[in-house]
Amino acid sequence: MRIAGTQHVWRSIPRDRGTICAIIFHSETPMKQEFRIENIANYVGQQVTLKGWLYASTRKGKLMFLRLRDGTGICQGVAYQPDLGEELFETLKRLGQESSLIVTGTVKENGRAPGIPGGYEIGIEAVEVLQNVEEYPITPKEHGVDFLMDNRHLWLRSSKQWAVMRVRATIKRAIIDFFDNNGFINIDTPIITPAAAEGTSTLFEVDYFEEKAYLAQTGQLYNEADIMAFGKVYCFGPTFRAEKSKTRRHLAEFWMVEPEMAFFDLEDLMDFEEQFVSYVVQTTIEKRRAELEFLERDLTVLENISAPFPRISYDEAIERIHALREATDDPELKEQLAIEWGDDFGAPHETELTKQFDKPVFVYGYPSQVKAFYMEPWPGRPEVCKSVDLLAPEGYGEIIGGSERMSDPDLLIAAIERHELPLEHYQWYVDLRQYGSVPHSGFGLGLERTVAWICGIEHIRQTIAFPRTLNRMNP
RNA sequence: UCCUCGGUAGCUCAAUGGCAGAGCAUGCGGCUGUUAACCGCAGGGUUGUUGGUUCGAGUCCAACCCGAGGAGCCA
């Protein structure tokens, strides 16, 4: 992990008296200072060189406005024919959208100038055209989803998609920082696994040297082994679900961060989760305000996200949904909200429930029958488990699922048998309860759902560069 | 897997069963403060596929293909 403004350079040293060593060099200026649009405010009055692409252009006679991208932002370039000369101005006039170019000019402050961040423009003095583009498919007009997804490799250049990916990267970084700064160690868990880890979802099958194997749906079970060695761990990687699900919050391949903590009970887990989510949201607002504002996200809603979050039991949630169902006059909603104790929540239940809160809400103590086999039973209520989901507000639904894990080996074996899972594949997992078992808890947070919520965007497919959905694997 | 909607120019969409259209994009021309600019001219079509009804099908019927929204399932 690189820290801002620093760089670690590994230089291997030749063998010297039988030892191999390495020296870490530390420097304040990792790279030659290059102009970047995101830092344009620091360059007012200076001549800069912008290496990038033409995002859009418009002109009015001998005056021309070019919207330029360099990967870090968008800024306006202004070209005036009498200053530039006829030949260069003609060249600019003929540039198509997404032409690659190197522009030299002087930065000026101007409130009228659009961009991210806006308010600055470059008075163009010279241009080197690397490639002039004839006809770029994505025009600055409306397009359909199918077309845009077919052109996802180009769509990523569009400013909204670009802004979402910038926010995503920051969220991911904030997640990693939070764990690294709170005593966690990052351990990678396997992607190829011999059996369904949770026994609850459909998996992608792969051929593993002529033996059946599956793409991982979670790293959690391995995390449980890891905490007995390291105390607190997290894994953060791709996760695969083969459900033929077709909704705005489902991907076949998505990224999940899963922390696991030894000597942690359900109460500790909720305390920890609300600190974690608050940190991620506040850090993202701080570092990506321009992008979130460009996405027209209501930041007052996000600024309110701080611990503590409301906590309700599954029993209370069911009562609230029953009351909502009584109160509504909409027959369709009445139908959708039908639920009995013991059922899992569907999307409409979560949506209506979370509308009652302006922060994420914990729902704890789900019926064991709707949850994975490894969750600790509630003391005195064996039909309920020590699970907790965190539901995001504004209808974004479950972003975290977690629980206290079973710590008793006999209970665990019984649960594995009850779920008809192959015990031989779980023997190592049972071992963890036989050699120094401790109470422990953990959770999984879906990165894309979190990005969708923080960015305030409709569909999860726009929160990952190249989404894998039921009907799409290309590009 | 189920329900609903859609597929016409590169893109977004029109077209009572009767000549295949517009805007954007592209090319050419005009304009000194544009924000998806504006004005004029030009080129651009196997109407998703197959079959059927009809004097005549983009339009009606059937099957299939592809996509979208939702449900279930899931984080």
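Below, all heavy atoms of this structure are taken into account, side chains as well, without hydrogens, waters or symmetry copies. Chain identifiers are assigned alphabetically (A, B, ...) following the order of the sequence lines, protein sequences preceding nucleic acid strands; residue numbering begins at 1 within each chain.
Exactly one residue among A:Glu350, A:Glu458, A:Glu398, A:Glu243 makes a salt bridge (charged side-chain N to carboxylate O under 4.0 Å, His left out) with A:Arg249. That residue is A:Glu350.
Side-chain contact annotation: A:Gln336 with A:Arg325, donor-acceptor N/O pair under 3.5 Å absent. For the residue pair A:Thr72 / A:Asp70, a side-chain donor-acceptor distance below 3.5 Å is found, with atom types taken as modelled.
Residue contacts shown for A:Leu251 include a base, since a base heavy atom lies under 4.0 Å away. Residue contacts shown for A:Ala56 are absent, as no nucleic acid heavy atom lies under 4.0 Å away. A:Asp389 comes within 4.0 angstrom of no nucleic acid atom, judged by non-hydrogen atoms across all strands. When heavy atoms are screened at a 4.0 angstrom cut-off, A:Phe254 is found touching base atoms of the nucleic acid. Among the protein residues, A:Arg59 comes within range of the nucleic acid bases, having at least one heavy atom under 4.0 Å from a base atom. Across all strands shown, A:His143 has heavy atoms under 4.0 Å from sugar-phosphate atoms exclusively, and none from any base. A:Gly144 comes within contact range of the sugar-phosphate backbone alone, with a heavy-atom separation under 4.0 Å but no base atom that close.
Residue A:Arg67 has its side chain nearest to B:rU35 when only B:rC31, B:rU35, B:rG33 are considered. Comparing atom distances between the A:Val78 side chain and each of B:rU12, B:rG33, B:rC73 picks out B:rG33 as nearest. When each of B:rG33, B:rG10, B:rA37 is scored by its nearest atom to the side-chain atoms of A:Thr58, the top-ranked nucleotide is B:rA37. For A:Arg241, counting side-chain heavy atoms from C-beta on, the closest listed nucleotide (B:rC74, B:rG33, B:rG72) is B:rC74. Considering only side-chain atoms of A:Arg249, the nucleotide from B:rG30, B:rC74, B:rA71 that sits closest is B:rC74. Out of B:rC31, B:rC74, B:rU35, the shortest distance to the side chain of A:Asp344 is found at B:rC74.
When both pairing distances are held under 3.5 Å, B:rC13 makes a Watson-Crick or G-U pair with B:rG21. Summarising the base pairing, B:rG40 is matched to B:rC28 through a Watson-Crick or G-U wobble pair whose two defining distances lie under 3.5 Å. With both pairing distances under 3.5 Å, B:rG45 is matched to nothing as a Watson-Crick or G-U wobble pair. Nucleotide B:rC73 is matched to nothing when pairs are restricted to Watson-Crick or G-U wobble geometry with both distances under 3.5 angstrom. Partner assigned to B:rG67 is B:rC5, using Watson-Crick or G-U wobble distances below 3.5 angstrom.
Counted within 6.0 Å of CD on A:Glu296, heavy atoms from surrounding residues, nucleotides or ligands total 12 or fewer; the atom is thus considered open.
For A:Arg168 and A:Glu448, the salt-bridge test passes: some basic side-chain N is under 4.0 Å from an acidic carboxylate O. Ion pair A:Lys386/A:Glu404 flagged as a salt bridge, since at least one NZ, NE, NH1 or NH2 atom sits closer than 4.0 Å to an Asp/Glu carboxylate oxygen. Checked for salt-bridge contact, A:Glu316 and A:Arg320 meet the test: a charged N lies under 4.0 Å from a carboxylate O. Comment: A:Arg472 engages A:Asp150 in a salt bridge, judged by a side-chain N to carboxylate O separation of less than 4.0 angstrom.
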What nitrogen or oxygen pairs link the protein and nucleotides 1-9 of chain B at under 3.5 Å?
unit_1	atom_1	unit_2	atom_2	d
B:rU1	O4	A:Lys244	O	3.2

Polar atom pairs (N or O), protein with nucleotides 23-28 of chain B, under 3.5 Å:
unit_1	atom_1	unit_2	atom_2	d
B:rC28	OP1	A:Arg94	NH1	2.9

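Summarising the geometry, the separation between CD1 on A:Ile339 and P on B:rC73 is reported as 10 Å, rounded to the nearest angstrom.
Of the residues near RNA chain B, A:Asn471 and A:His250, the one whose nearest nucleotide (by heavy atom distance) lies more toward the 5' end is A:Asn471. Between A:Lys60 and A:Pro137, the residue anchored nearer the 5' end of RNA chain B, judged by the nucleotide with its closest heavy atom, is A:Pro137.
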Check the pair A:Tyr374, A:Tyr429 against side-chain contact (heavy atoms from CB on, under 4.5 Å), reporting the backbone distance first and the verdict last. CA-CA 10 Å; A:Tyr374 48 68; A:Tyr429 188 63; 3.3 Å; yes
CA sep, side-chain torsions, deciding dist, call: A:Arg166, A:Glu291, salt bridge (charged side-chain N to carboxylate O under 4.0 Å, His left out): CA-CA 8 Å; A:Arg166 299 253 297 176; A:Glu291 285 81 357; 3.1 Å; yes
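On a pure distance criterion of 3.5 Å, no polar donor-acceptor pair joins the side chain of A:Gln76 and the base of B:rU35. You'll find a donor-acceptor pair under 3.5 Å spanning the side chain of A:Glu121 and the base of B:rG33, going by distance alone.
Straight-line distance between the C1' atoms of B:rC73 and B:rC5: roughly 23 Å, to the nearest whole Å. Here, B:rG58 and B:rG6 have their C1' atoms 14 Å apart, quoted to the whole Å.
Taking the centre and axis of the six-membered ring of A:Tyr366, the NZ or CZ atom of A:Lys371 falls inside the cone set by 45° and 6.0 Å.
OP1 or OP2 of B:rG69 lies within a sub-4.0 Å distance of a side-chain N or O belonging to A:Arg461.
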